[in-house]
Amino acid sequence: MSDNILKEIDPRNQRAVRIAKMEKLRAEGIDPYPPRPGEGRVSIASVRRDWDKLKQQVDNEHKIVKSGGIVRLAGRITAIRTHGKSVFFTIADGTGTFQLYIRKNSVEENMPDDPAAFERVKELDIGDFITSEGELFTTRTGEATQLVHKWAIICKTLLPLPEKYHGLTDPDLRLRQRYLDLMANPDVKSNFLKRALIIRTIREYLQNEGYVELETPVLTPLYGGATARPFKTHHNTLNIDLYMRIATELYLKRLIVGGFERVFEMGKVFRNEGVDRDHNPEFTLLELYEAYADYNRMMELAEGIVIASARAVGRFVEEETESPHIVDSGDKGILLDFEGDRISIIPPFRRIAFIDAIKDASGIDITTSDRADLISFFEREDIEYDTEAPYWPLVDKLFSETVEPKLIEPTFVVDYPVALSPLAKRKPDNPDLTERFELFILEREIANAFTELNDPIDQRKRMENQIEQRKRGDKGAPDIIDEDFLTALEHGMPPTGGMGIGIGRLVTILCGVHALKDVIPFPLLKPLESGK
RNA sequence: GAGGGUGUAGCUCAGUCGGUAGAGCACCGGCCUUUUAAGCCGGUUGCCGAGGGUUCGAUUCCCUCCGCCCUCACCA
């Protein structure tokens with residue numbers, strides 16, 4: 001660096017140094033942020049794909065591709081190795097990384113109008129974007145490389161990127177500056193690609209089944225369709241309070257009433273609750289409803305959706321990445337290795353009844369037990385529980401504690417008690433149970449589905465029951481009845497099967513990660529205040 | 001919310017049994033035309049998370065607070 005501008009800069013301030021370099025470029029008449037710089041460029045992946053063809057043109061004596069093997073690349077500099085009158089760069093575009101070799105004589109021959117072209121190469125920083133044009137060859141050590149004839153800067157970067165060897169490891173920074181995480185940790189990007197792939201696969205799957213995708217309101221005067229506390233907001237000109245939806249259920253059912261027979265929506269819902277490994281306050285929920293269907297049909301669909309997603313991820317892994325997580329993805333399904341657990345995602349999934357599952361796991365028969373039985377079990381097993389809670393929430397707790405941890409392989413838990421299922425139809429042979437199932441994989445609840453309750457009188461009773469629970473202190477229960485929904489039901493909803501699938505949780509399983517935040521690009525974080 | 005851990009250079013981390021700090025990478029200068037965690041020579045890093053206390057003296061000990069991580073609890 002021989003320029004006066006740079007001598008006055010505190011070298012500790014890397015940003016100031018880079019700004020000075022940028023201003024120097026401007027002073028020399030070079031735009032550090034030019035428009036349309038990438039004309040005629042090819043992707044790094046395509047160069048690698050065509051490498052064999054390009055190799056045909058290699059002159060074995062000089063190890064250099066003859067003319068015709070000239071390509072134009074564009075990307076971000078991720079590493080620099082200078083050698084005096086030559087420099088090696090590693091650049092990355094969206095498809096991969098590639099090595100550039102810039103030699104003094106080469107650029108001077110090919111850029112005769114720009115005598116400083118090589119000196120300026122040495123002022124490039126890691127993070128800058130450049131285009132390079134030149135011939136392909138293989139280095140002594142066997143790496144595919146471009147010998148650069150011409151180059152140009154297309155974006156000067158002002159802040160340094162994460163350290164090249166250790167990368168970015170601070171878990172908080174990884175989330176707050178996700179763009180750095182994406183550059184430093186390739187798995188992150190591949191997980192997001194898998195997420196996109198799963199979402200696309202599910203859409204295609206449902207569309208092939210004749211489903212129509214519709215959007216229902218996010219801002220609603222009432223909230224319902226799930227048990228959760230909502231976010232509240234306000235519309236200014238109407239001067240009304242509104243809630244962010246906690247589920248799409250009640251609106252999608254209105255569409256079934258109106259005559260749609262197969263509808264789904266895949267979108268964000270918002271629940272004003274805690275944040276942990278399996279919960280984010282906003283998350284993507286798939287809900288689907290099918291007229292003239294029941295929960296057996298929903299099990300079929302659940303299997304179909306999970307298998308299709310697993311296969312898509314399996315193909316992606318084979319084509320694009322290495323992943324020891326996916327052991328085998330054949331025609332039948334897929335075999336996952338999840339921290340030593342071998343999980344085969346192959347239909348038909350196992351089915352167990354809710355009551356039997358609890359009996360097997362705890363010895364308690366919930367059809368004959370009472371609250372005191374549950375409490376003595378919790379005391380005996382040293383399980384903490386809500387001492388205020390009534391019977392059915394404690395049953396739910398018992399299930400979570402004793403059954404869920406055993407649900408590793410895909411398992412349908414079927415026939416839930418009516419008290420835990422306010423929107424599901426009762427079983428004809430046992431009105432205390434409902435035609436409902438939840439699908440569990442790796443201890444996580446993936447899907448919740450039932451034969452929908454379409455008896456408007458029963459539905460009203462159950463909603464009134466929930467209001468009672470609310471009065472008894474269950475803050476998740478709704479505090480007002482959605483009369484508009486009940487009116488819709490009174491106009492007649494055909495027998496219908498419906499299902500909800502938490503997309504994020506499904507993605508975590510198929511990506512082999514534990515936490516939802518690993519598959520959400522920007523999970524909710526507390527804003528930074530003081531300290532850092 | 002409870003318990004445990006942690007916070008030192010731009011990044012990853014070491015260290016000070018109390019005397020205001022180091023390494024590698026990055027950065028700056030020099031050498032180097034097939035390197036790839038390039039190499040060699042030289043150089044700059046820092047309110048040692050914030051506030052308070054003890055002390056002649058605190059980055060180190062004590063207290064409070066803040067952030068992050070782990071375990072548990074809460075949360076269809």
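By convention in this document, chain letters (A, B, ...) are assigned in the order of the sequence lines, proteins followed by strands, and residues within each chain are numbered from 1.
- For the C1' atoms, the distance linking rG46(B) with rA23(B) amounts to 14 Å, nearest Å.
- Residue K21(A) has a polar side-chain atom (N or O) positioned under 4.0 Å from OP1 or OP2 of rC28(B).
- Using a 4.0 Å cut-off between charged side-chain N and carboxylate O, K461(A) and D458(A) make no salt bridge.
- Using a 4.0 Å cut-off between a side-chain N of Lys or Arg and a carboxylate O of Asp or Glu, E452(A) and K253(A) qualify as a salt bridge.
- Atom CG of L161(A) is separated from atom P of rU12(B) by 14 Å (rounded to the nearest Å).
- Taking atom P on both nucleotides, rA9(B) is separated from rG15(B) by 15 Å, rounded to a whole Å.
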Polar atom pairs (N or O), protein with nucleotides 71-74 of chain B, under 3.5 Å:
{"residue": "rU71(B)", "atom": "OP1", "partner": "R277(A)", "partner atom": "NH2", "Å": "3.2"}
{"residue": "rU71(B)", "atom": "OP2", "partner": "R277(A)", "partner atom": "NH2", "Å": "3.2"}
{"residue": "rC74(B)", "atom": "OP2", "partner": "K397(A)", "partner atom": "NZ", "Å": "3.4"}
{"residue": "rC74(B)", "atom": "N4", "partner": "D276(A)", "partner atom": "OD2", "Å": "3.3"}

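- Separating the P atom of rG18(B) from that of rU59(B) is a span of 14 Å, rounded to the nearest Å.
- In this structure, CZ of R103(A) is placed 13 Å from C1' of rU35(B), rounded to the nearest angstrom.
- The side chain of R81(A) approaches rU35(B) more closely than any other nucleotide in the set rU35(B), rC32(B), rC75(B).
- The same atom, C1', is picked in rU60(B) and in rU44(B); the two are 26 Å apart, to the nearest Å.
- In this structure, L180(A) places its CG atom 15 Å from C1' of rU12(B), rounding to the nearest Å.
- Salt bridge annotation for K21(A)-D125(A): present, with a cationic side-chain nitrogen under 4.0 angstrom from a carboxylate oxygen.
- If you look at F354(A) and F399(A), their ring centroids are closer than 6.0 Å.
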* E133(A) vs R72(A), salt bridge (Lys or Arg N to Asp or Glu O under 4.0 Å): CA-CA, chis, key distance, verdict -> CA-CA 4 Å; E133(A) 195 177 296; R72(A) 188 175 164 91; 3.3 Å; yes
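- Listed nucleotides: rU33(B), rU34(B), rC32(B). Nearest to the side chain of T82(A): rC32(B).
- With both ends at atom P, the span from rU64(B) to rA2(B) equals 12 Å, rounded to whole Å.
- For the P atoms, the distance from rC47(B) to rC11(B) is 11 Å, rounded to whole Å.
- The NE2 atom of H149(A) sits 9.0 Å away from atom CZ of R103(A), with the distance rounded to the nearest 0.5 Å.
- Between F412(A) and F437(A), the ring planes lie perpendicular to each other; the angle is over 60°, past the 30° to 60° tilted range.
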Listed pairs under 3.5 Å, donor-acceptor, residues 355-362 of chain A side chains, sequence neighbours left out:
{"residue": "S362(A)", "atom": "OG", "partner": "I358(A)", "partner atom": "O", "Å": "2.7"}
{"residue": "S362(A)", "atom": "OG", "partner": "I364(A)", "partner atom": "N", "Å": "3.1"}

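- Between rA73(B) and rG19(B), the distance separating the two P atoms is 44 Å to the nearest Å.
- For the pair L285(A) CG and rA76(B) C1', the interatomic distance rounds to 11 Å; values are reported in whole Å.
- R174(A) has its CZ atom 13 Å from the C1' atom of rC69(B), to the nearest Å.
- Rounded to an integer number of Å, the gap from NZ of K104(A) to P of rC32(B) is 11 Å.
- When the side-chain nitrogen and oxygen atoms of R140(A) are compared with OP1 and OP2 of rU35(B), one or more of them lie within a distance under 4.0 Å.
- Comparing N105(A) and N448(A) by the nucleotide of RNA chain B whose heavy atom lies nearest to each, the residue mapping closer to the 5' end is N105(A).
- Nucleotides rA58(B) and rA14(B), compared at atom P, are 25 Å apart to the nearest Å.
- Evaluation of atom-type donor-acceptor distances gives no pair under 3.5 Å for the side chain of E143(A) against the base of rU34(B).
- Separating the CZ atom of F98(A) from the P atom of rU34(B) is a distance of 18 Å, rounded to the nearest angstrom.
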